Trainee: 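Sending over a structure as C-alpha cells; questions will come in a sec.
Fair warning: this is a prediction, and the values are worked out from it, not measured in the lab. Each chain gets a letter, A, B and so on, in the order the sequences are listed, and its residues count up from 1. No hydrogens, no waters, no symmetry mates; every other heavy atom, side chains included, goes into these values.
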2 protein chains.
Amino acid sequence: MAETTEPGGTSDLEAILREAGLRITRQRRVILAILAEGGDHPDALALFRRASRQDATISLSTVYRTMKVLEEKGAIQRHTFEGGPARFEHADGRHHDHLIDLDSGAVIEFRSEKIEKLQEEIARELGYEIVSHRLELYGRRRK
Amino acid sequence: MAETTEPGGTSDLEAILREAGLRITRQRRVILAILAEGGDHPDALALFRRASRQDATISLSTVYRTMKVLEEKGAIQRHTFEGGPARFEHADGRHHDHLIDLDSGAVIEFRSEKIEKLQEEIARELGYEIVSHRLELYGRRRK
DNA sequence: ACTCTCTTGCAAATGATTTCCATTATCATT
DNA sequence: AATGATAATGGAAATCATTTGCAAGAGAGT
C-alpha cells in the first residue's frame, strides 16, 4: 500500500498544501495526520489535544489557522452542529448528511439521493438555485 | 378581529408567559409584539434595535434573556444559520424548513412531507429516533 | 548556509451570548 | 391604593469559540 495513493491519506492533504504554495510544517503534518485518520468529527480543542500528544509545541491558534486554510482549499469540511463548537472532517469528496447522537455526540454519516433530489425540486419551485445545504438529524438510539 | 384570538398574536405569547408564572414586563411586551408581527427572522441585535424604537430603556441583555425564556417555553424557535448570529421566529406550531437567500439573507420557509418521511425512514434504518432536525438550503435566486 | 517570507506561539482582540449584582418593577395580597 | 416577596432589568463583567497582531522561528528554493 503506497501511502501516496492511500485514499484520504495524509499525503492528499499535504499535496493540497504544497500545490497551494503553502509550507508543510511540523505542526501541520501532525494535524493533517489526525484528520486523515478520519473516523470521527473532532472540534478544534479535541484536535489540539490529540495533536499535543504528538507534538507539545502545537498551539490552539495553529489548529484554527490550519482548519481555516484547509477549508479554503476545500480539503476539509467544517460543521457547526447545534449548540457546540465547529467540528471538522476530512473532505473525501462524497457529500453526505449527518445524524448526531444526542447522548454521545457521535456523528453518523448518511446520504439519500431521494432527499437530494427533493431539495433541488423545492429550490427550483421557489425560484432558487441551491449553493449548499445542510441536513442534520438529531436523535437517540432506539431501544 | 378580536386580538385575543388573532392567530400568532402577541396575546398568545403573553399567555404563555403568564401561564408559566412569569411576569409581563413593559420590555417583554414590546419584544413579544415585534415577534408576533412575524414575517421575518430577526437576530438579537435587530430585535433590540426595533424594540429600542418603542422603548429606549430596553437592553440587549433583556432581549437575549427573553429569547431564552420563550425558547424554553416553546414559544419561539431559535435558528443558527451558517456564519451568523442566532435568528428568532415566532413558533406557530407548523414545522417548516428554511431556504436562505445568500444575497439578501432573506429566509423562505418551506415544508416537504416527503422529506420528513424520508428522514424518519433513514433514522429508523440507522437505529435512531429523531428528536429534532434541521434542513437548510442556501441558494441564490435563479435568473 | 542564506535569505525570503510563510508560520508559529502567545497574548490580546473580537463577536455572540450569558451571567452577576444592585436596583427596579410586577403582581398577588392586603 | 399601599405592601411585600421576588422576578426582571440595565449595565458591566464574564464566558466561549474563534480570530488577529506581532515578534520570533522555521520551511524551502538557491
Side-chain angles (χ1 to χ4, degrees), chain A residues 10-11 13-32 34 41-49 51-73 75-88 105, chain B residues 10 13-34 41-49 51-73 75-88 105:
Chain A
T10 306
S11 34
L13 293 173
E14 286 194 14
I16 287 170
L17 288 181
R18 200 170 284 116
E19 276 156 35
L22 300 170
R23 292 177 184 169
I24 314 286
T25 64
R26 182 167 32 84
Q27 25 283 82
R28 278 181 179 168
R29 228 188 287 271
V30 173
I31 296 170
L32 264 42
I34 294 171
H41 302 64
D43 60 31
L45 198 56
L47 227 32
F48 168 65
R49 282 201 246 268
S52 297
R53 283 205 293 270
Q54 309 239 272
D55 179 340
T57 81
I58 286 176
S59 75
L60 187 52
S61 313
T62 294
V63 171
Y64 275 113
R65 269 188 291 236
T66 304
M67 291 307 100
K68 178 172 266 203
V69 173
L70 290 177
E71 191 189 8
E72 280 164 4
K73 301 304 170 209
I76 63 162
Q77 276 196 266
R78 171 192 304 259
H79 301 296
T80 51
F81 301 131
E82 310 228 282
R87 297 171 67 169
F88 308 91
Chain B
T10 305
L13 293 173
E14 286 195 14
I16 287 171
L17 288 180
R18 200 170 282 117
E19 276 154 36
L22 300 170
R23 293 175 182 171
I24 315 284
T25 64
R26 184 169 29 86
Q27 24 284 83
R28 278 181 180 169
R29 228 188 286 271
V30 172
I31 295 170
L32 264 43
I34 293 170
H41 302 65
D43 60 31
L45 199 57
L47 227 31
F48 169 66
R49 282 201 247 268
S52 297
R53 282 205 293 269
Q54 309 241 274
D55 179 341
T57 82
I58 286 175
S59 75
L60 187 52
S61 315
T62 293
V63 171
Y64 275 112
R65 267 187 297 240
T66 303
M67 292 305 99
K68 178 172 264 200
V69 172
L70 291 177
E71 190 188 9
E72 280 163 5
K73 301 304 169 208
I76 62 161
Q77 276 196 266
R78 171 191 303 259
H79 301 296
T80 51
F81 301 130
E82 310 229 281
R87 297 170 67 168
F88 308 92

Trainee: With rounding to the nearest 0.5 Å, note down the distance linking CD in B:Glu71 to CE in B:Met67.
Mentor: 9.5 Å

Trainee: Which residues pass the side-chain contact (heavy atoms from CB on, under 4.5 Å) test with A:Ser59, sequence neighbours left out?
Mentor: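 Expected list: A:Ser61, A:Thr62.
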
Trainee: Expressed in angstrom and rounded to an integer, what is the separation of B:Leu70 atom CG from D:dA7 atom P?
Mentor: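 Rounded to whole Å, this separation is 18 Å.
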
Trainee: Need to verify one output field. Residue with the more 5' nearest nucleotide on DNA chain C, B:Arg65 or B:Thr80?
Mentor: B:Thr80

Trainee: Mind checking which nucleotides bracket the chain B contacts on DNA chain C, 5' to 3', with an atom under 4.0 Å from a heavy atom?
Mentor: C:dA16 to C:dC27

Trainee: Please give the angle, rounded to 10 degrees, between the axes at the start and the end of the helix from C:dA1-D:dT30 to C:dT30-D:dA1, where five pairs define each axis.
Mentor: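 Taking five pairs per end, the axes differ by 30°.
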
Trainee: Return the set of residues passing side-chain contact (heavy atoms from CB on, under 4.5 Å) with A:Arg26 (not counting sequence neighbours), or none when no residue passes.
Mentor: A:Asp55, A:Thr57

Trainee: When the distance from CG of A:Leu45 to C1' of D:dT15 is rounded to whole Å, what number comes out?
Mentor: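 Atom CG in A:Leu45 sits about 14 Å away from atom C1' in D:dT15.
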
Trainee: Can A:Leu17 and A:Leu32 be said to form a side chain to side chain contact (heavy atoms under 4.5 Å, CB included), step by step?
Mentor: CA-CA 10 Å; A:Leu17 288 181; A:Leu32 264 42; 3.7 Å; yes

Trainee: Across nucleotides 23-30 of chain D, 5' to 3', mark each nucleotide with B, S or - according to how protein heavy atoms within less than 4.0 Å reach it.
Mentor: ---BBS--

Trainee: Among residues 53-64 of chain B, which residues get a heavy atom nearer than 4.0 Å to DNA chain C?
Mentor: B:Ser61, B:Tyr64

Trainee: B:Met67 has an atom CE; how far is it from atom C1' of D:dA8, in whole Å?
Mentor: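 One finds 14 Å between C1' of D:dA8 and CE of B:Met67, rounded.
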
Trainee: Within this structure, what is the NE2-CZ distance for the pair B:His41 and B:Phe88, rounded to the nearest 0.5 Å?
Mentor: 12.0 Å

